[in-house]
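Comments concern the structure below.
The chain is numbered in sequence order, starting from 1. Ligands are counted one by one from 1 in listed order, and the atoms in each one are counted from 1 as well.
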Amino acid sequence: MKRSQFLKNALLSLGATVVLAACGGGDTATTPVENGGEATAGPWVVGTEPAFPPFESQDENGELVGFDIDLMRAIGEQAGVEVEFESLPFDGLIPALQAGTIEAAISGMTITEERAQTVDFSRPYFRAGLAIAVAEDDTETTSLESLEGKTIAVQIGTTGAATAGTVKDATVSTFDSAPLALQELSNGNADAVINDAPATLDAIATGNIGGVKVVGELLTEEFYGIAMPQDSPNLEALNTALAELLENGTYDAIYEKWFGTAPVGTLPEAAL
Ligand code: ARG
């Protein structure tokens with residue numbers, strides 16, 4: 001089975017309403033905005049943590065590939081700005097935006113209230129949610145509550161890490177990347193991983209991780225946004241380009257390339 005087909009089925013069987021119904025979609029209700037005249041000429045240096053397929057990863061030649069990468073390149077083209085990627089640790093992206101060393105970050109980053117106090121986000125571009133992964137033979141774990149007192153592996157600085165931190169008496173082990181956290185589970189050194197469902201499902205689908213399954217319902221509904229420094233002069237140009245791609249079919253084509261299906265449903269215009 002093609003990976004995209006597997007992922008599609010997996011997403012569907014995961015209680016579909018949450019992941020799929022939602023995954024994205026050309027929202028036609030966007031109001032055209034004037035292209036931000038004062039946007040910087042570029043290049044825009046765009047930070048990403050590229051160990052998060054199918055959103056961002058490195059191929060065998062070290063080239064960045066993934067849904068986010070294609071989307072960001074398309075946004076650059078649409079906005080007439082050159083885009084240059086810079087690989088950074090996930091928990092270093094917001095500090096880099098604050099320091100002004102990068103113009104944007106695209107990294108499957110969930111739009112949260114807390115982050116929105118220090119950076120500005122584009123309109124939502126993807127609907128995701130957290131899922132619990134456990135060993136294939138685990139029959140006990142059914143919910144977040146059932147992880148009480150267990151060891152949970154997470155990627156540092158993520159919404160998954162924050163959610164794991166709410167579980168009573170759990171030991172949370174943090175890793176620099178989601179694949180490392182999943183490996184810990186696969187090795188039997190953790191009882192569970194809390195990570196974005198599309199990324200965990202992709203790791204299972206591609207065989208990057210073995211002996212692991214996703215349980216239960218999604219824990220959250222989250223929207224990804226592209227982050228920019230607060231009051232960035234580029235935010236309007238970014239949002240305009242993204243809205244155009246959502247309308248003109250480019251977004252759908254990129255979505256289909258990485259998820260094997262057209263986006264179902266629409267994205268809200270704001271997440272908070
Ligand atoms: N969506 C989650 C968050 O914002 C995880 C993102 C992880 N992204 C990555 N490229 N490693 O916290």
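Side-chain contact, D196 with Y224: a donor N or O sits under 3.5 Å from an acceptor N or O. A donor-acceptor contact under 3.5 angstrom links the side chains of T159 and E222, judged on distance only.
Per-residue contacts place E56 under 4.0 angstrom from the following atoms of ligand 1 (heavy atoms of the residue considered): 10 (N). In summary, the atoms of ligand 1 found under 4.0 Å from a heavy atom of M109, numbered by their order in the structure, are 4 (O).
The single protein non-hydrogen atom nearest to atom 11 (N) of ligand 1 is E49 OE1, 2.6 Å, given as residue, atom name and distance. The protein heavy atom nearest to atom 10 (N) of ligand 1 is S107 OG, 2.9 Å.
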* To do: Dump the intermediate steps for side chain to side chain contact (heavy atoms under 4.5 Å, CB included) on E56 and M72, then the final yes or no.
  => CA-CA 11 Å; E56 44 266 331; M72 195 65 221; over 6 Å; no
* Go through the steps for I209 and I204 under the test side chain to side chain contact (heavy atoms under 4.5 Å, CB included), then give the verdict. => CA-CA 5 Å; I209 200 77; I204 296 171; 3.9 Å; yes
* To do: Take I75 and I106, measure what side chain to side chain contact (heavy atoms under 4.5 Å, CB included) needs, and give me the verdict at the end.
  => CA-CA 11 Å; I75 288 172; I106 190 163; 5.6 Å; no
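We find the CD-CD1 distance between E114 and I111 to be 14.5 Å, quoted to the nearest 0.5 Å.
Considering backbone and side-chain atoms alike, T158 places every N or O at 3.5 Å or more from each N or O of ligand 1. When only interatomic distances are considered, the shortest N/O to N/O separation between Y224 and ligand 1 does not fall below 3.5 Å. The shortest N/O to N/O separation between G108 and ligand 1 falls below 3.5 Å.
Between Y251 and Y125, the distance from one ring center to the other does not fall under 6.0 angstrom.
Counting heavy atoms closer than 4.0 Å to ligand 1, residue D196 contributes side-chain atoms (C-beta onward) but none from N, CA, C or O.
No heavy atom of F55 sits closer than 4.0 Å to any atom of ligand 1.
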